[in-house]
Amino acid sequence: MSVLRVGNASGFYGDRFSAMREMLTGGELDVLTGDYLAELTMLILGRDRLKDPEAGYARTFLRQLEECLGLARERGVRIVANAGGLNPAGLADAVRALADRLGIPVRVAHVEGDDLGAAHPGALAAHAYLGGFGIAACLRAGADVVVTGRVTDAALVTGPAAAHFGWAPTEYDRLAGAVVAGHLLECGAQATGGNYAFFQDGDVRRPGFPLAELHADGTSVITKHDGTGGFVDVGTVTAQLLYETGGARYAGPDVTARLDTVRLGQEGPDRVRVEGVRGEAPPPTLKVGLNRLGGFRNEVVFVLTGLDIEAKAALVRAQLEPALGKIADVRWELARTDRPDAATEETASALLRLVVRDADQQVVGRALSGAAIELALAGYPGFHVLAPPGKGAPYGVFEDVYVPHGAVDHVAILHDGRRVSVAPPPAQDTLVLAPVPEPPLPQPLPPGPVRRAPLGLVAGARSGDKGGDANVGVWARTDDAWRWLAHELTADRFRELIPEARDLPVTRHQLPNLRALNFVVEGILGEGVAAQARFDPQAKALGEWLRARHLDIPEALL
């Protein structure tokens with residue numbers, strides 16, 4: 001059958017508004033996807049729906065469609081997006097109303113069944129991660145636009161691929177290939193040079209959005225429209241492939257993709273072939289993301305300038321201690337951004353950050369604000385803050401639980417109103433997840449002279465969050481660099497280089513086909529991004545910090 005060209009126009013709620021139009025006008029497409037959901041987004045949408053029961057979906061998507069629905073119809077491009085969030089039926093109705101107002105004949109379908117709030121009454125949002133076969137049912141019935149709630153990010157691609165090629169639920173290798181393609185597209189411009197360790201390899205001032213040319217056997221080519229910015233090479237694809245993953249088994253509701261089987265090859269300019277992907281039966285359970293309100297938080301950042309930084313920090317802490325005694329969670333962080341004999345006041349200054357959290361808004365609000373601001377004329381010399389503390393804002397907590405496939409009523413609501421149930425996989429067609437045995441290490445490099453230098457001179461990295469955990473994928477650009485990296489960057493060495501991880505479980509996974517290591521650091525993000533427990537709450541720059549750390553690197557690699 002023909003190649004299926006699937007593009008992406010959104011990697012998160014708030015991504016480039018013009019991307020939908022750019023993708024529709026930039027070149028040939030069959031399906032245009034949009035990923036609008038993340039753990040934090042579900043909390044935001046949950047809070048929206050508390051204020052307005054008709055809300056709960058990504059309103060940006062509707063505004064994009066107002067500009068582009070006619071264009072998509074003219075070009076025969078189907079649109080599949082998870083912008084439905086907590087209210088996919090409401091978004092589907094809104095899209096129909098928009099189409100009627102614009103006079104565009106469009107068949108709109110949606111997928112539901114992910115909402116498990118009734119089983120988790122204490123949660124603001126409780127949603128199972130569904131697979132792609134509900135989307136496939138909608139497309140097979142002729143839908144032009146399909147909106148969903150919480151499906152896996154890759155389902156936005158596996159659904160269209162299964163519909164187009166007629167794949168059965170047990171064609172695991174083909175489905176796994178589509179999962180990998182979907183994972184490579186889901187974060188938009190991250191596959192085309194955005195957030196890339198070696199960003200200076202090309203012009204990434206305005207990277208285009210990616211697309212995948214999918215084939216019936218599950219192989220794909222990752223590329224972008226001609227003439228758009230950024231670049232696609234084995235490095236950019238490797239970086240995105242490692243993003244927010246764990247071990248060699250990448251589990252989903254339709255299939256478990258074996259990341260250790262993925263082979264990447266540069267097929268031409270801005271074209272990377274993805275092949276060799278093997279799949280296994282999905283696990284017997286579905287992931288459910290639970291978002292709840294954890295309480296209230298407040299913060300204030302004191303600027304400490306010039307001499308006696310440590311003594312000034314100690315004075316602030318001593319002065320505020322009486323006001324902090326009743327607060328459940330108090331965290332101080334001193335960032336020594338100051339330099340001696342600095343040429344500017346800013347570079348002569350350090351930052352002392354105070355973060356407080358409690359179930360009582362009053363405790364972290366006015367009580368703290370008053371105590372902090374009262375120090376303005378009674379504190380350390382040069383007292384000032386980056387911004388006055390507020391009244392205390394609510395924060396969220398994320399956790400995941402797992403339920404059997406049968407606990408979810410996965411339903412496709414077709415454009416004509418018919419309801420089609422998506423059957424869960426039979427028990428014999430599931431497989432409990434187990435770690436993949438670690439592959440043998442490559443031959444080490446022969447001994448030779450070394451030089452103290454940053455890891456990033458020979459390795460790239462990309463990091464991200466999964467609930468309270470973070471992953472850091474590290475890859476080498478040459479075979480010799482891989483031989484050194486695989487032996488040098490152990491889990492223990494990772495803990496040495498990242499002091500925050502010294503007392504946390506760190507698991508290392510090898511992916512030799514990619515010349516990559518993937519580290520999972522458990523608990524480094526506390527209760528998830530919405531809790532904002534650390535300076536970089538989504539661990540977006542954790543990999544860049546690692547690349548900046550110095551090791552003894554063989555001179556032959558430098």
Student: Give a yes or no on whether a salt bridge exists between E66 and R63, defined as a side-chain N under 4.0 angstrom from a carboxylate O.
Tutor: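 Looking at E66 and R63, the cut-off is not met.
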Student: Tell me whether R462 is salt-bridged to E244, with the criterion being a basic N under 4.0 Å from an acidic carboxylate O.
Tutor: no
Student: So, Q266 side chain and V232 main chain: donor-acceptor pair closer than 3.5 Å or not?
Tutor: yes
Student: Do the ring planes of H183 and Y250 sit parallel (below 30°), tilted (30 to 60°) or perpendicular (above 60°)?
Tutor: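 H183 vs Y250 ring planes: tilted.
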Student: Can you check whether V521 reaches N471 side chain to side chain, under 4.5 Å on heavy atoms?
Tutor: no
Student: Establish, yes or no, whether the cationic atom of K287 lies under 6.0 Å from the six-membered ring centre of Y129 and within 45° of the ring axis.
Tutor: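 Yes; both conditions hold, so K287 lies above the ring face of Y129.
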Student: Quick check against the 3.5 Å criterion: does T33 have a side-chain atom that pairs as donor or acceptor with the backbone of L156?
Tutor: no
Student: Any side-chain donor-acceptor pair under 3.5 Å between T219 and D217?
Tutor: yes
Student: Look at E500 together with R534 and state whether they make a salt bridge at an N to O cut-off of under 4.0 Å.
Tutor: yes
Student: Would you please name every residue forming a ring pair (Phe, Tyr, Trp, His ring centres under 6.0 Å) with Y243, sequence neighbours left out?
Tutor: none
Student: Keeping to residues at least two apart or across chains, list the salt bridge (charged side-chain N to carboxylate O under 4.0 Å, His left out) pairs with something in residues 191-212.
Tutor: E22-R206, D201-R477, D203-R205
Student: What is the minimum heavy-atom distance between G279 and A176, and which atoms define it?
Tutor: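 Scanning both residues, the minimum pair turns out to be CA-CB, 3.6 Å.
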Student: Taking salt bridge (charged side-chain N to carboxylate O under 4.0 Å, His left out) as the cut-off, I'd like each qualifying pair that reaches into residues 149-165, sequence neighbours left out, listed once.
Tutor: R150-D153
Student: Kindly write out the residues that satisfy salt bridge (charged side-chain N to carboxylate O under 4.0 Å, His left out) with D479, not counting sequence neighbours, or none if the list is empty.
Tutor: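 So D479 forms a salt bridge (charged side-chain N to carboxylate O under 4.0 Å, His left out) with R515.
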Student: Distance from D469 atom CG to F519 atom CZ, nearest 0.5 Å?
Tutor: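 Going from the CG atom of D469 to the CZ atom of F519 covers 15.5 Å.
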Student: Thinking salt bridges, do R5 and D30 make one under a 4.0 Å N-O criterion?
Tutor: no
Student: When you check the side-chain N and O atoms of N518 and T245, is any donor under 3.5 Å from an acceptor?
Tutor: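 Judged by distance alone, the side chains do pair up.
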Student: Sub-3.5 Å donor-acceptor pair from the side chain of H487 to the main-chain atoms of P442, do we have one?
Tutor: yes
Student: Taking E267's backbone N and O only, do any of them form a donor-acceptor pair with R273's side chain (distance below 3.5 Å, no angle check)?
Tutor: no
Student: Compare all side-chain heavy atoms of P253 with those of T152 and state whether any distance is below 4.5 angstrom.
Tutor: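 Answer yes - side chains close enough.
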Student: Backbone N or O of A191 within a donor-acceptor pair of the T236 side chain at under 3.5 Å?
Tutor: yes
Student: Specify the closest pair of heavy atoms between A257 and V179, including all atoms of both residues, with the distance to one decimal.
Tutor: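 Closest approach of A257 to V179, heavy atoms only: CB-CG1, 4.2 Å.
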Student: Has the side chain of R249 got a donor or acceptor atom that lies under 3.5 Å from a matching backbone atom of L433?
Tutor: no
Student: Just by modelled atom types, is the C138 backbone N or O under 3.5 Å from a matching donor or acceptor in the H415 side chain?
Tutor: no
Student: Quiz question: by atom type and distance under 3.5 Å, do the side chains of N8 and D35 form a donor-acceptor pair?
Tutor: no
Student: Any cation-pi pair here, R59 with F17, using under 6.0 Å and within 45°?
Tutor: no
Student: With a 4.5 Å cut-off on side-chain heavy atoms, are V106 and D144 touching?
Tutor: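 D144 vs V106: side chains touch.
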Student: Walk me through it: do H110 and E112 pass the test side-chain hydrogen bond (donor to acceptor under 3.5 Å, both in side chains)?
Tutor: CA-CA 7 Å; H110 73 278; E112 60 185 37; 3.0 Å; yes
Student: Give a yes or no on whether the backbone of V151 and the side-chain of T148 come within a donor-acceptor separation of less than 3.5 Å.
Tutor: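 The answer is no, because no donor-acceptor pair under 3.5 Å joins these two groups.
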Student: Quick one: do R483 and D480 make a salt bridge, cutoff under 4.0 Å?
Tutor: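 Judged by the 4.0 Å cut-off on N to carboxylate O distance, R483 and D480 do form a salt bridge.
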Student: With sequence neighbours left out, write down each residue that passes salt bridge (charged side-chain N to carboxylate O under 4.0 Å, His left out) with R508, or none if nothing qualifies.
Tutor: none
Student: Taking atom CG of L242 and atom CG of L511, what is their separation to the nearest 0.5 Å?
Tutor: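 Result: 6.5 Å between the selected atoms.
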Student: Between T261 (side chain) and R278 (backbone), is there a donor-acceptor pair under 3.5 Å?
Tutor: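 Yes, T261 side chain to R278 backbone: donor-acceptor pair under 3.5 Å.
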Student: Flag yes if more than 12 heavy atoms outside Q428 fall under 6.0 Å of its CD atom; otherwise flag no.
Tutor: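 For Q428, atom CD is crowded (more than 12 foreign heavy atoms under 6.0 Å).
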Student: Which atom pair, heavy atoms only, marks the closest approach of E544 to A197?
Tutor: OE2-CB, 3.9 Å
Student: With salt bridge (charged side-chain N to carboxylate O under 4.0 Å, His left out) as the rule and sequence neighbours excluded, what pairs involving residues 250-266 come up?
Tutor: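 Residue pairs passing salt bridge (charged side-chain N to carboxylate O under 4.0 Å, His left out), neighbours aside: R258-D260, R258-E280.
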Student: How far apart are the closest heavy atoms of V234 and G265, and which atoms are they?
Tutor: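 Closest approach of V234 to G265, heavy atoms only: CG2-C, 4.1 Å.
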Student: Over 60° means perpendicular and under 30° means parallel, so classify the ring planes of Y13 and Y36, tilted if in between.
Tutor: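 Geometry flag for Y13 against Y36: perpendicular rings.
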Student: Give a yes or no on whether the backbone of V108 and the side-chain of R96 come within a donor-acceptor separation of less than 3.5 Å.
Tutor: yes
Student: Provide the closest heavy-atom pair for T256 versus P282 in the form atom of the first, atom of the second, distance.
Tutor: OG1-CA, 3.9 Å
Student: How close do G289 and F398 get, heavy atom to heavy atom, and via which atoms?
Tutor: CA-CE1, 3.6 Å
Student: Can you tell me how the ring of W167 sits relative to the ring of F165, calling it parallel under 30°, perpendicular over 60° and tilted otherwise?
Tutor: parallel
